[in-house]
Amino acid sequence: MGVVEELIQGNGDGTLSFGNYLLETKTKKADFKFEGDTYKIKTFKEITRLERNGAMVYESVPGSAVTNFRGNGEVAEFDVEAEGDISFTLEMEPSTEYKLVVNGVSAGRIPTNLGGKLNASLELDQGEKAAVKVIKC
């Protein structure tokens with residue numbers, strides 16, 4: 001999979017790819033237009049953060065590379081790669097429970113907080129890719 005050299009790109013299937021966890025310094029790209037929305041990406045080895053229309057969509061610590069990302073308040077799905085373990089946050093519906101599926105295996109249920117933030121962690125080996133799906137219960 002690897003990092004996204006352009007920092008963010010739209011894919012022909014309506015998904016986004018973004019992030020470069022190999023960068024030593026924070027790099028940003030703003031005003032990326034995709035399917036009627038405006039995106040901003042900040043990424044480097046310590047953090048990757050994607051915003052849509054000024055609101056946070058995805059954030060990982062440390063940084064990551066995400067491909068095939070699609071999401072709304074009901075479901076989010078993407079492939080993620082990083083140097084190792086990451087914690088990620090998704091903006092979903094407030095006070096709602098979601099099922100987390102990693103590589104096709106249920107990893108349990110996670111509630112969002114009052115602001116709609118869903119927080120989870122993934123154990124990854126260096127350069128390992130994980131397929132993540134978050135589904136509203």
Problem set entry | T48/V66 under side chain to side chain contact (heavy atoms under 4.5 Å, CB included): CA gap, chis, key distance, verdict | CA-CA 9 Å; T48 294; V66 175; 5.5 Å; no

Exercise. So, does T25 use its side chain to make a donor-acceptor pair with the main chain of L23 at under 3.5 Å?
Worked result: no

For this session: First locate atom CD of E97, then atom CG of L100, and finally report the distance between them rounded to the nearest 0.5 Å.
Result: 11.5 Å

Exercise. Are E93 and K136 ion-paired here, with the side-chain N under 4.0 Å from a carboxylate O?
Worked result: yes

Exercise. Going by heavy atoms in the side chains, are T43 and K28 under 4.5 Å from each other?
Worked result: no

Seminar exercise, completed: The complete set of ring pair (Phe, Tyr, Trp, His ring centres under 6.0 Å) pairs with one or both residues in residues 85-129, sequence neighbours excluded, reads F78-F88

For this session: Please assess E83 against K45 for the test side chain to side chain contact (heavy atoms under 4.5 Å, CB included), listing each intermediate value before the final yes or no.
Result: CA-CA 8 Å; E83 285 284 333; K45 66 180 183 177; over 6 Å; no

Exercise. Who pairs with R49 by side-chain hydrogen bond (donor to acceptor under 3.5 Å, both in side chains), at least two apart in sequence or on another chain?
Worked result: E51, E59

For this session: Find out whether I86 and V80 are in side-chain contact, i.e. whether some heavy atom of one side chain is under 4.5 Å from a heavy atom of the other.
Result: yes

For this session: Establish, from distance only, whether the side-chain atoms of T89 and K117 form a donor-acceptor pair under 3.5 Å.
Result: no

Problem set entry | Test item: S60 side-chain N/O and S87 main-chain N/O as donor-acceptor pair under 3.5 Å | no

Problem set entry | Nearest non-hydrogen partners of E35 and G14, listed with the distance | OE2-CA, 3.5 Å

Problem set entry | Between T67 and S17: side-chain donor-acceptor atoms closer than 3.5 Å | no

For this session: Give a yes or no on whether the backbone of P94 and the side-chain of T96 come within a donor-acceptor separation of less than 3.5 Å.
Result: yes

Problem set entry | Approximate separation, where rounding is to 0.5 Å, of L90 CG and T112 OG1 | 11.0 Å

Exercise. Roughly how far, to the nearest 0.5 Å, is the CD atom of E6 from the CG atom of N20?
Worked result: 10.0 Å

Exercise. So which pairs with a foot in residues 15-34 pass ring pair (Phe, Tyr, Trp, His ring centres under 6.0 Å), sequence neighbours left out?
Worked result: F18-Y58, F18-F69

For this session: Would you check if K99 and S106 make a side-chain contact, meaning some heavy-atom pair closer than 4.5 Å?
Result: yes

Exercise. Would F44 end up clustered with L124 when hydrophobic side chains under 4.5 Å apart are linked, directly or stepwise?
Worked result: yes

Problem set entry | N103 side chain to A130 backbone, donor-acceptor under 3.5 Å | no

Problem set entry | Distance, nearest 0.5 Å, that separates CD of Q9 from OG1 of T15 | 9.0 Å

Exercise. Shortest non-hydrogen contact from D13 to R70?
Worked result: O-NH2, 3.4 Å

For this session: Under the side chain to side chain contact (heavy atoms under 4.5 Å, CB included) rule, what do K133 and V75 come out as? Steps first, then yes or no, please.
Result: CA-CA 7 Å; K133 191 167 190 175; V75 64; 4.0 Å; yes

For this session: Could you tell me whether the side chain of N113 reaches within less than 4.5 Å of the side chain of L118, counting heavy atoms only?
Result: no

For this session: Please examine the side chains of L16 and N11, heavy atoms only from C-beta on, and report whether any two atoms are closer than 4.5 Å.
Result: no

For this session: Report yes if some heavy atom in the side chain of V101 is under 4.5 Å from a heavy atom in the side chain of I135; otherwise report no.
Result: yes

Exercise. Is any side-chain heavy atom of L7 less than 4.5 Å from a side-chain heavy atom of V4?
Worked result: no

Exercise. Are the side chains of M92 and V134 in touch, meaning some heavy atoms are under 4.5 Å apart?
Worked result: yes

For this session: Examine I110 and V132 and state if one hydrophobic cluster contains both, with Ile, Leu, Val, Met, Phe, Trp and Tyr joined whenever side-chain heavy atoms are less than 4.5 Å apart.
Result: yes

Exercise. Is it true that K129 and E81 have a side-chain N and a carboxylate O under 4.0 angstrom from each other?
Worked result: no

